[in-house]
Amino acid sequence: MRNAEVALHFDELADLYELDGAVSYRVIAYRNAAKSIREANASVEEMTKARRVTELAGVGKTIAEKLQVLFETGEIPAAQKLKSKYPPGLVEITRLPGFGPKRARKLFDELGIASLDDLRKAAEAERLREIPGFGPKAEESVLVALDAGLDDRTKPRLLLSRARAIAESLAGALREHPAAERVEIAGSARRWTDTCKDLDLVAASSDPAALAEAFSGLPLIGEVHSSGTAGVRAVTHNGMSIDLRIVGPESFGNLLQHFTGSNKHNEALRTDAVRRGFHVSEYGVVDDSTGTSHACATEEEVYELIGLRYIEPELRENRGELQAARDGTLPELVRVEDIRGELHCHSTTSDGRNTIEEMTAAARELGYEYIAITDHSASHGFGNDVQPDELRRQTERIRELDARTDGIRILAGSEVNVLPDGSLDYEDDLLAELDWVIGSLHSSFRMGEQEQTERMIKAMEHPLVDAIGHPTGRLIDRRRPYAIDVEAISRAAARTGTFLEINGNPDRRDLSDVNVRIAVEVGATIVIDSDGHGTETLPNVQYGVATARRGWLTATQVANTRSWEELDALRKRGAPARA
DNA sequence: GCCGTTTTCGGCCCGACTGTTTTCAGTCG
């Protein structure tokens, strides 16, 4: 059973215990365990069998036993028992805004409401007001939420690229206002997560009311829900929730730290701070020994006050960063400026929108030292295939162009399809003429895990495959990764000297942050590419770098932070003979 | 239910808002 599926069992168990009125810390314990399991960098099933699963943070004796039973029987008995007690519709009710487990439980106990449908009928019949603690407003909000399909799961999350574009535009407009002293994007957009549920902006101002009013009037803002001197809650015309918070400049650091999150990071940070005698909130850091509250103008001061090194936003997921900040072992994260060459992009020869000349000029503009043109290969569909003769002609053209182009090296490459049996769809003698070969899967996504893993490993064993493109094939929120053993392919990558890609296309970001951490832990080396299909998408490498940073990567672990000569020497075909 | 350079028992983050209340529980971020 995969870690993600195991985690779902424990999230469900937490929901059920919550409905059952269990002590909240128990519920939190199951949720923490679920998170830990989801992000574990080894198979939790294997760890359980090896009796090592309690090494995971948040997994103790009881949860280890439940894991054991889950793997033996496919079920957790406690969950089975609770499921017979509470109908599945109750959990759905807890997802409605304003409804949590306590209120859902009350509805069930008092009126026998067991589903969203029951709830709608009771609200329409004005029966909710019979229950203490519920009134006409509750009935109204139920109907509004149900009509709008407003529960959390149906509300779409926005892809980071789109979310950041909106956030940057709003932040930019705010910065122009005379009352704005500092404006920053906070929340998940600042942590560069794959998607964002909503946007958080924070501002420092000596005239909050004026700034709040100006924000409410921005053209992007569709509807203002509440507005005051503390901030504004609003929704854009396309339905994105925006939270702007405003404080005085003296505590801007506290606010930014608080609203950057993640919740898990802040919880852990505060727990840690309490042990050291500090209470941290968005307004300041209270020192218990003196009773004084320190306002911090910068985030650095917040972390320093409680004895921690500064933690980059991308690391704030409670994945070990607090311990590392205490020990002084935080990694020095790779930066966009460290990337020296593009190794995966397309031209009009396959499905790109720009010529090789245009792509090259754009890459030089970005400060790159080299660019590999990697159009699709012979078996690629949609009329975008490149037959062997055409690739030969293109390679000759690239050699010519490279000879008369200054300031950047142009490499002849290909993104070659890995066929279902693990072979490639060009002959070896053709591949040998190229400078750079990426192997990618573009077909037969539904193979079983073992077969798919073997297919990819076979491709990596090919002496001319330099890197694997978008290794898990996921499309964020649209297509699940194909069944593949990430740890096994990472080991194979390390063994064969094949690089694994972080594809920077904001729809892909593949490998993911969690997977890339697994990959480098077993010794694989990464390349970060844009997979640009036009000059304007070459900067997408920033999303790849963000994923790398979220996976704790340093520049050394990324091959294309090196010069082409150094990279060439590092790869399996080796440099000595070719230098 | 988990966890331990103050603890193997007794803790476990913080503040605001909302709707329902005469002082607050539940929810949210």
Side-chain angles (χ1 to χ4, degrees), chain A residues 10 13-14 17-18 20-36 53-67 76 78 93-107 128-142 145 150 152 186-188 196-202 225-231 233 241-245 247 251 254-255 257-286 288-289 293 302 306-307 318 322-323 326-327:
Chain A
F10 284 90
L13 186 55
Y17 270 131
E18 199 171 34
D20 202 41
V23 204
S24 60
Y25 297 112
R26 194 164 156 206
V27 176
I28 291 166
Y30 280 111
R31 298 231 162 94
N32 286 341
K35 175 182 191 290
S36 211
V53 79
T54 51
E55 288 172 19
L56 289 176
V59 176
K61 194 161 162 279
T62 309
I63 291 180
E65 283 167 9
K66 288 191 159 63
L67 280 164
I76 302 171
I93 290 173
T94 67
R95 311 255 192 260
L96 289 174
F99 286 79
K102 299 263 167 49
R103 283 164 73 80
R105 177 66 192 280
K106 235 179 194 171
L107 292 169
L128 297 191
R129 60 188 71 180
E130 295 167 15
I131 314 172
F134 290 75
K137 198 80 186 170
E139 289 161 354
E140 189 190 327
S141 73
V142 160
L150 267 184
D152 286 349
S188 54
C196 300
K197 183 160 68 78
D198 47 29
L199 289 177
D200 294 295
L201 295 175
V202 299
H225 285 164
S226 69
S227 177
T229 55
R233 308 198 66 180
S241 301
I242 319 269
D243 212 341
L244 168 69
R245 292 289 296 260
V247 287
S251 52
N254 303 105
L255 183 71
Q257 196 285 324
H258 175 79
F259 278 98
T260 296
S262 67
N263 277 337
K264 291 285 180 198
H265 172 84
N266 283 349
E267 279 173 27
L269 174 136
R270 287 170 179 176
T271 305
D272 187 71
V274 167
R275 289 207 192 101
R276 294 154 181 263
F278 296 100
H279 288 270
V280 179
S281 81
E282 61 262 53
Y283 300 106
V285 178
V286 177
D288 287 346
S289 61
S293 176
V302 178
I306 53 178
N318 196 25
L322 290 164
Q323 183 71 45
R326 266 194 298 277
D327 301 345

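Lettering follows sequence order; numbering is per chain, from 1. For clarity, every value in this text was computed on a predicted model and none was experimentally measured.
- One C1' atom belongs to B:dC14, the other to B:dT8, and the distance between them is 28 Å to the nearest Å.
- Going from atom OH of A:Y283 over to atom C1' of B:dC13 covers 15 Å, rounded to whole Å.
- Atom CZ of A:R95 is separated from atom P of B:dT27 by 13 Å (rounded to the nearest Å).
- Side-chain atoms of A:I63 lie closest to B:dC2 of the nucleotides B:dC2, B:dC14, B:dT27.
- Atom NZ in A:K61 sits roughly 19 Å away from atom P in B:dT8 (whole-Å rounding).
- Judged as a side-chain hydrogen bond (donor to acceptor under 3.5 Å, both in side chains), and not counting sequence neighbours, the contacts of A:R31 are A:D15, A:E18.
- Remark: A:R270 is not in phosphate contact with B:dC13, judged by side-chain N or O atoms under 4.0 Å from OP1 or OP2.
- Shown here is A:K102, whose NZ atom has no more than 12 heavy atoms of other residues, nucleotides or ligands within 6.0 Å.
- Across the protein-nucleic acid pair, A:N254 atom CG and B:dG15 atom C1' stand 13 Å apart, rounded to whole Å.
- Checking the phosphate oxygens (OP1, OP2) of B:dC12, no side-chain nitrogen or oxygen of A:T271 falls inside 4.0 Å.
- The side chain of A:K137 lies closest to B:dT20 when the candidates are B:dT7, B:dC14, B:dT20.
- Contact annotation for A:A230: no contact, since no heavy-atom pair falls under 4.0 Å across all strands.
- Test A:R275, A:R276, A:R270 against A:D272 for side chain to side chain donor-acceptor pair (under 3.5 Å) and you get one pass: A:R276.
- Across B:dC2, B:dG29, B:dT7, the shortest atom-to-atom separation from the side chain of A:R233 is found for B:dG29.
- As rounded to whole Å, 17 Å separates atom P of B:dT27 from atom CG of A:N263.
- Across all strands, A:V280 comes closer than 4.0 Å only to sugar-phosphate atoms, never to a base (heavy-atom distances).
- For A:Y30, no side-chain nitrogen or oxygen approaches OP1 or OP2 of B:dC2 to under 4.0 Å.
- With rounding to whole Å, A:R31 atom CZ is found 12 Å from B:dC28 atom P.
- The NZ-C1' distance, from A:K102 to B:dA25, rounds to 8 Å in whole Å.
- Straight-line distance between the P atoms of B:dT21 and B:dT27: roughly 15 Å, to the nearest whole Å.
- When the side-chain nitrogen and oxygen atoms of A:Y25 are compared with OP1 and OP2 of B:dG1, none of them lie within a distance under 4.0 Å.
- Rounded to an integer number of Å, the gap from CZ of A:F259 to P of B:dG15 is 12 Å.
- Residue A:T62 places at least one side-chain N or O closer than 4.0 Å to OP1 or OP2 of B:dC2.
- A:A22 comes within 4.0 angstrom of nothing in the nucleic acid, heavy atoms only.
- A:V27 comes within 4.0 angstrom of nothing in the nucleic acid, heavy atoms only.
- The side chain of A:R103 approaches B:dT27 more closely than any other nucleotide in the set B:dC2, B:dG19, B:dT27.
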